[in-house]
Amino acid sequence: MDTVKLLSLLRTSSGSKSLTRAKLIHQKIVIQGLQNNIALCKSLINLYFSCQNYDSAKLVFRTIENPLDLSLWNGVLAAYTKNYMFSEALELFDRLLQNPFLKPTSFTYPSVLKACGGLGRVGYGKFIHTHLIKTGFGLDVVVSSSLVGMYAKCDKFDSAIKVFDEMFERDVASWNTVISCYYQDGQAEKALKLFEKMRESGFEPNSVTLTTVISSCSRLLDLERGKEIHKEYVKDGFVFDSYVSSALVDMYGKCGCLEMAREIFEQTPVKSVVSWNSMIAAYSSKGDSKSCIELFRSMHAEGIKPTVTTLSSIIMSSSRSAQLEHGKFMHGYIIRNRMQSDIFINSSLIDLYFKCGHVGSAENVFDKMVKTNVVSWNVMISGYVTVGDYFKALSIYEDMKETSVKPDAVTFTSILSACSQLAALEKGKEIHKYIVESELESNEIVMGALLDMYAKCGAVDQTFNIFQKLPEKDLVSWTSMITAYGSHGQALEALKLFHEMLQINVKPDNVTFLAVLSACSHAGLVYEGTLKQQ
DNA sequence: TCAAAGTCCC
């Protein structure tokens with residue numbers, strides 16, 4: 001069998017992912033003494049990679065006597081990074097640098113930079129960046145886009161944007177890199193602005209662009225913008241792209257357009273697990289656990305394996321609908337299939353069991369889970385608060401302080417709510433100190449909870465102190481302050497505050513009126529109370 | 001066919 005025949009054999013086998021075939025062809029190559037033929041080896045290495053037999057791929061590369069063909073090295077580098085084998089890629093790059101006969105080219109660096117990004121090795125990435133400036137490879141559009149991507153993956157968004165701004169040649173992929181960079185940094189509005197700029201610069205978005213910009217609309221809950229992009233750019237062809245279609249399902253689902261989400265979902269010919277997850281999440285947000293379970297059964301019937309996202313979404317829907325049976329069904333599925341529960345699954349299970357009053361089951365899940373994440377403690381504390389077991393909430397909070405897990409804004413909000421229910425002023429003060437230490441004094445939600453705690457404990461001075469410091473006073477904070485005055489018998493102060501609140505056009509609600517009337521009744525101010533009724 | 005960019009769950 002000659003080289004041409006073997007090459008065509010390799011080509012026809014490339015999609016088969018059959019290891020047996022790969023080994024057979026490998027054997028034929030060795031028998032013919034063709035193990036140094038570059039074209040054959042490249043093809044064979046790729047075949048082994050597609051079979052995920054990395055050792056054999058390495059073996060083929062290693063046994064080539066004089067691998068002086070750079071495209072071979074570049075190909076293996078690319079294969080490594082495609083398979084997330086970033087350390088191997090950097091090792092190979094190191095060996096390439098040591099080879100006196102070979103020099104890396106613009107085709108080498110994209111893979112190397114991707115490996116740096118994947119490993120978070122920004123120091124090495126920076127070193128390469130400097131080298132690229134010196135050698136001029138940084139002028140290559142793919143190389144510089146890869147630099148942008150590398151910095152973004154390492155969370156160095158400023159550096160990423162700087163490289164992008166300094167690029168003098170751009171293509172769709174480099175725009176996509178920077179748009180996704182803003183999206184990943186949580187700046188969805190900026191991502192959409194860049195999308196506008198990209199269009200103004202005369203570039204047509206492709207499916208990658210659309211995936212990111214639709215997701216940006218989804219995160220902003222900007223239905224109008226999402227619809228516009230859908231109508232203007234998502235032509236028939238894009239519906240076949242599972243990324244674009246999932247992003248659309250997610251966007252319509254998050255914006256509450258369930259019918260539209262369903263329509264796109266049904267039109268998607270090949271549904272990926274993310275498509276299913278997005279559709280399930282849409283029903284989950286509505287608390288429609290019945291539809292979630294139905295979808296779960298359909299996906300199972302179509303041979304799609306659920307991910308942890310699928311399972312936690314369905315459990316959350318059962319929690320929202322308070323359908324204990326639906327949640328227990330999922331819990332059973334996880335145990336039967338010996339699936340590894342993650343923090344999302346466990347916290348949604350705990351939430352479900354508390355919501356349905358099965359405190360024992362919630363405690364069981366909590367006991368068995370890894371508690372290195374603040375969220376696992378938070379769900380437990382807020383769970384006890386929702387069932388009214390404030391002492392247990394405080395005791396879990398104390399347990400948490402024994403570990404190295406630091407409480408966050410959610411922890412403080414829940415635990416302060418427990419304190420205000422118990423009128424536990426001393427405990428509340430202690431938590432206040434801790435909030436100051438944790439530098440959460442600028443967090444509006446935490447400060448609102450603190451205000452409520454002091455108000456409910458009748459500590460007027462402390463309440464006023466917090467109230468004064470609030471940067472933005474909303475209806476709830478005004479009401480808390482009025483309540484504090486009222487419960488302390490300072491009805492006139494309460495009334496004064498009520499008038500101040502009206503003057504700056506904050507509209508009172510039933511709770512406010514109740515607080516004002518209660519203040520009047522405590523002080524015997526019948527006349528003032530009657531006035532408020534009008 | 002030697003390179004870069006994408007979606008979902010506390």
Side-chain angles (χ1 to χ4, degrees), chain A residues 7 10-11 14 38-39 42-43 45-47 69-79 81-82 104-114 117 137 140-150 152-153 164 167 170-181 183-184 191 205-216 218-219 241-251 253-254 268 272-282 284-285 306-317 319 342-351 373-379 382 410:
Chain A
L7 257 181
L10 277 163
R11 246 175 232 134
S14 66
I38 299 299
K42 267 205 285 205
S43 233
I45 288 169
N46 282 327
L47 185 56
D69 184 306
L70 194 61
S71 75
L72 181 70
W73 290 71
N74 291 342
V76 177
L77 272 173
T81 52
K82 271 202 187 81
T105 63
S106 57
F107 281 84
T108 316
Y109 291 109
S111 303
V112 176
L113 289 166
K114 193 175 178 172
F137 283 124
D140 184 285
V141 64
V142 181
V143 172
S144 47
S145 301
S146 305
L147 268 173
V148 178
M150 183 276 295
K153 277 270 173 337
F164 178 77
M167 282 170 75
R170 290 168 185 162
D171 61 11
V172 178
S174 38
W175 281 99
N176 289 346
T177 310
V178 79
I179 290 171
S180 135
C181 179
Y183 177 75
Q184 285 166 45
N206 62 16
S207 61
V208 178
T209 327
L210 293 172
T211 305
T212 319
V213 294
I214 293 166
S215 303
S216 302
S218 171
R219 196 177 282 172
D241 186 293
S242 82
Y243 281 84
V244 174
S245 115
S246 304
L248 281 171
V249 172
D250 173 61
M251 190 271 292
K254 285 232 170 69
T268 312
S272 71
V273 68
V274 180
S275 305
W276 288 93
N277 288 350
S278 301
M279 195 62 239
I280 288 172
S284 175
S285 67
T307 63
V308 283
T309 310
T310 324
L311 306 168
S312 60
S313 288
I314 302 174
I315 298 165
M316 280 189 340
S317 76
S319 174
D342 70 347
I343 175 89
F344 290 95
I345 290 180
N346 283 323
S347 49
S348 47
L349 277 174
I350 292 173
D351 188 53
N373 191 313
V374 64
V375 176
S376 39
W377 296 94
N378 288 350
V379 284
S382 72
V410 179

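Each chain gets a letter, A, B and so on, in the order its sequence line appears, and its residues count up from 1. These figures come from a predicted structure and were not determined experimentally.
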For [X], report the nucleic acid contact type (base, sugar-phosphate, nothing); a contact means any heavy atom under 4.0 Å.
X: A:Asn373; answer: nothing
X: A:Asn378; answer: nothing
X: A:Tyr183; answer: sugar-phosphate
X: A:Thr310; answer: nothing
X: A:Asp171; answer: base
X: A:Thr177; answer: sugar-phosphate
X: A:Ser106; answer: base
X: A:Ser312; answer: base
X: A:Ala247; answer: nothing

When rounded to the nearest 0.5 angstrom, what is the spacing between [atom1] in [X] and [atom2] in [Y]?
X: A:Phe107; Y: A:Leu77; atom1: CZ; atom2: CG; value: 13.5 Å
X: A:Ser174; Y: A:Leu147; atom1: OG; atom2: CG; value: 12.0 Å
X: A:Ser215; Y: A:Ile179; atom1: OG; atom2: CD1; value: 12.0 Å

In short, A:Val142 meets A:Asp140 closest at the heavy-atom pair N-OD1, 2.8 Å
Could you walk me through whether A:Asn46 and A:Ser43 pass the side chain to side chain donor-acceptor pair (under 3.5 Å) check?
-> CA-CA 5 Å; A:Asn46 282 327; A:Ser43 233; over 6 Å; no
5'-most to 3'-most nt of DNA chain B touching chain A (<4.0 Å, heavy-atom partner on protein side) reads B:dC2 to B:dC10
What pairs with A:Arg219 under side-chain hydrogen bond (donor to acceptor under 3.5 Å, both in side chains), at least two apart in sequence or on another chain?
-> A:Tyr183
